[in-house]
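One structure is given below, encoded as structure tokens.
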Amino acid sequence: MEKKVAMVAVNLALQLTRGRDPETSGRFRVNCVRCSPCDSNCTPSRKPEKQKDIDLNSVLGYCELCGECNRVCPAMLPIMEAIDDAKNGGLRAIGTLYESCSGCGRCMEVCPVGVPILDIIRESRGETPERFLIRAGRGPVQDIEIRRVGAPIVFGDIPGVISLAGCSNYPSGERDVQIIAEEFLKRGYIVLAAGCAAMDIALTHDDEGKTLYEKYPGDFDRGGLLNLGPCVGNSHAIGSAIKIANIFARVPMKGNTVEIADYILNRIGVCVIGWGAMSQKAFAIVTGANRWGIPVVLGPHASKYRRLYLGESSPRVIRDKSDDSMVPSEPAPPHLTYAAESINECLVMASKMCIRPNDTPRGRMVKLSNYVDLHLKYYGDLPADIDLFVRNEREIPYKHKDDILEILRKKNWKPREPVKEPTIIR
Ligand code: SF4
Ligand code: SF4
Ligand code: SF4
């Protein structure tokens, strides 16, 4: 009986605190529940903006410290311990959960007494200046844009296209995705974002209060940041690679998946990053990218999908379509699906995933400069596998030439010619 009264009281508090009026439910961008059917059946938010105040003391009092919320939390947050602290007046621990909480709502679904955990987390976070300036979801990359950048992408002058796919189960909160996007934007990569990743980029401001959408242009060109739209907009990232093959290289489109996927795999430096992937839709996006020859770097939680496509870090042999010969090549891209354990590993691996056998010597040097710089920045040393990717001395990044030459000497490296028309089709 006592439990039933508690549930009624808590549910009343929930109804008071979680607005369900049409105005609130229509505010898609701040109200995303990270649920999956965001394209057609968007549901109201479980991780809302501050709405009405809740009486923390009364709702915290109902928590029985059963630990069910901890058990189901996909981000493995110490919710019960934080609530226990909050019961004793310490709100800091529960307030800090906000950054890492994806708003999935599983904790509230299993709570036997209906504690409004998300509302408590949001309430405990306190007042923060919130201004989420986001570039509008724009849909597909246009043919005219592809004509402009097809050549620099295929030859490697633009070091790569990084596509940030949802969802939002980031290991260390929303700032992760902003760090990844900015690291590549300032290096001249084109960064595409869709779904929760596109929204979460807008949640972090620099010292001047600007988001990345205010700092980088929205063109499909060097250093551009594009919001492709909701998570189904990830198809436009794959579509841009297909269009490069078809419009720039004139690979026939109709009924020709194999040749287009082969062209993307060997010539277009594009990499999908699913840093917070958690939904089945995210898994479908990753699978779709793989089927079109696009390599993917996933976050650590994605190991739960139990499927990776890993390559060997050793030289490969590839077919040169120009004379139908088999020639030595590099492990590029090194993997098709890879789960990174840390943001450092994700950044370094994504830069390596953009290397392609088709790179011109100049393009390869640009890509290797980024790979080497990121390796030095995040691991503190030069990559040990650099000899696999340098085909001749012109491709060695100028800044670190002496050190890299030393590694090449030790590994008994021999120069070789780039493959003219790489393919894995026999
Ligand atoms: S990106 Fe993932 S979490 Fe976000 S709305 Fe889409 S499926 Fe849901
Ligand atoms: S809503 Fe947040 S705290 Fe609750 S289970 Fe999901 S990630 Fe964990
Ligand atoms: S599931 Fe509910 S009652 Fe159990 S520890 Fe979490 S908040 Fe408390």
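Order of listing sets the numbers, starting from 1, for every ligand and every atom in it. In this chain, residues are counted from 1 in sequence order. Because only heavy atoms are used, hydrogens play no part in the values below, and waters and symmetry mates are left out as well, while side chains stay in.
- Applying the 4.0 Å criterion to heavy atoms of Cys111 picks out, from ligand 3, the atoms 1 (S), 2 (Fe), 3 (S), 7 (S).
- We find the CZ-CZ distance between Arg106 and Arg71 to be 11.5 Å, quoted to the nearest 0.5 Å.
- A side chain to side chain contact (heavy atoms under 4.5 Å, CB included) with Asn358 is found for one member of Thr423, Leu265, Asn266, Val154 and no other, namely Val154.
- Close to ligand 2: Ile79, with a non-hydrogen atom less than 4.0 angstrom away.
- At a cut-off of 2.8 Å, Cys104 does not coordinate atom 4 (Fe) of ligand 2 through any N, O or S atom.
- The closest protein non-hydrogen atom to atom 2 (Fe) of ligand 2 is Cys101 SG, 2.4 Å.
- Which parts of ligand 2 touch Cys73 is read off a 4.0 Å heavy-atom cut-off, strictly below it: atoms 5 (S), 7 (S), 8 (Fe).
- Residue-ligand proximity, Leu65 to ligand 3, at heavy-atom distances under 4.0 Å covers atoms 5 (S), 8 (Fe).
- For atom 4 (Fe) of ligand 3, the nearest protein heavy atom (residue, atom name, distance) is Cys66 SG, 2.3 Å.
- With contacts defined as side-chain heavy-atom distances shorter than 4.5 Å, the pair Trp275/Cys346 qualifies.
- Within ligand 3, the atoms closer than 4.0 Å to a non-hydrogen atom of Ile117 are 7 (S), numbered from 1 in the order shown.
- Applying the 4.0 Å criterion to heavy atoms of Ile83 picks out, from ligand 3, the atoms 7 (S).
- Among all non-hydrogen protein atoms, the one lying nearest atom 7 (S) of ligand 2 is Ser102 N, 3.5 Å.
- Distance check: Glu345 CD to Tyr338 OH gives 3.5 Å after rounding to the nearest 0.5 Å.
- Of the residues Asn70, Val115, Ile79, Leu77, the one that meets the side chain to side chain contact (heavy atoms under 4.5 Å, CB included) test with Cys107 is Ile79.
- Close approach of ligand 3 to Gly67 (heavy-atom distance below 4.0 Å) involves ligand atoms 4 (Fe), 5 (S).
- Of the listed residues (Asp143, Asp219, Asp221), just one forms a salt bridge (charged side-chain N to carboxylate O under 4.0 Å, His left out) with Arg148, and that residue is Asp221.
- Protein heavy atom closest to atom 1 (S) of ligand 2, with residue, atom name and distance, is Gly105 N, 3.2 Å.
- In this structure, atom 8 (Fe) of ligand 3 lies nearest to the protein heavy atom Cys63 SG, 2.3 Å.
- Of the heavy atoms in Val110, none comes closer than 4.0 Å to ligand 3.
- Expressed to the nearest 0.5 Å, how far CD of Glu330 lies from CZ of Arg356 amounts to 10.5 Å.
- Look at Lys352 and Asp385 and you find a salt bridge, because one of the NZ, NE, NH1 or NH2 atoms lies within 4.0 Å of a carboxylate O, short of that distance.
- Atoms of ligand 2 found under 4.0 Å from any heavy atom of Cys107, numbered from 1 in the order shown, are 1 (S), 3 (S), 4 (Fe), 5 (S).
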Intermediate values then yes/no, salt bridge (charged side-chain N to carboxylate O under 4.0 Å, His left out), Glu395 and Arg362: CA-CA 6 Å; Glu395 296 175 353; Arg362 194 188 127 69; over 6 Å; no
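- Looking at Met278 and Lys304, their side chains never come closer than 4.5 Å, going by heavy atoms from C-beta outward.
- Considering all non-hydrogen atoms of both residues, Val113 and Glu64 come closest at CG1-OE2, 3.5 Å.
- In the vicinity of Cys69, heavy-atom distances shorter than 4.0 Å reach the ligand 3 atoms 1 (S), 5 (S), 6 (Fe).
- Among protein heavy atoms, the minimum distance from atom 3 (S) of ligand 3 is reached at Glu64 N, 3.3 Å.
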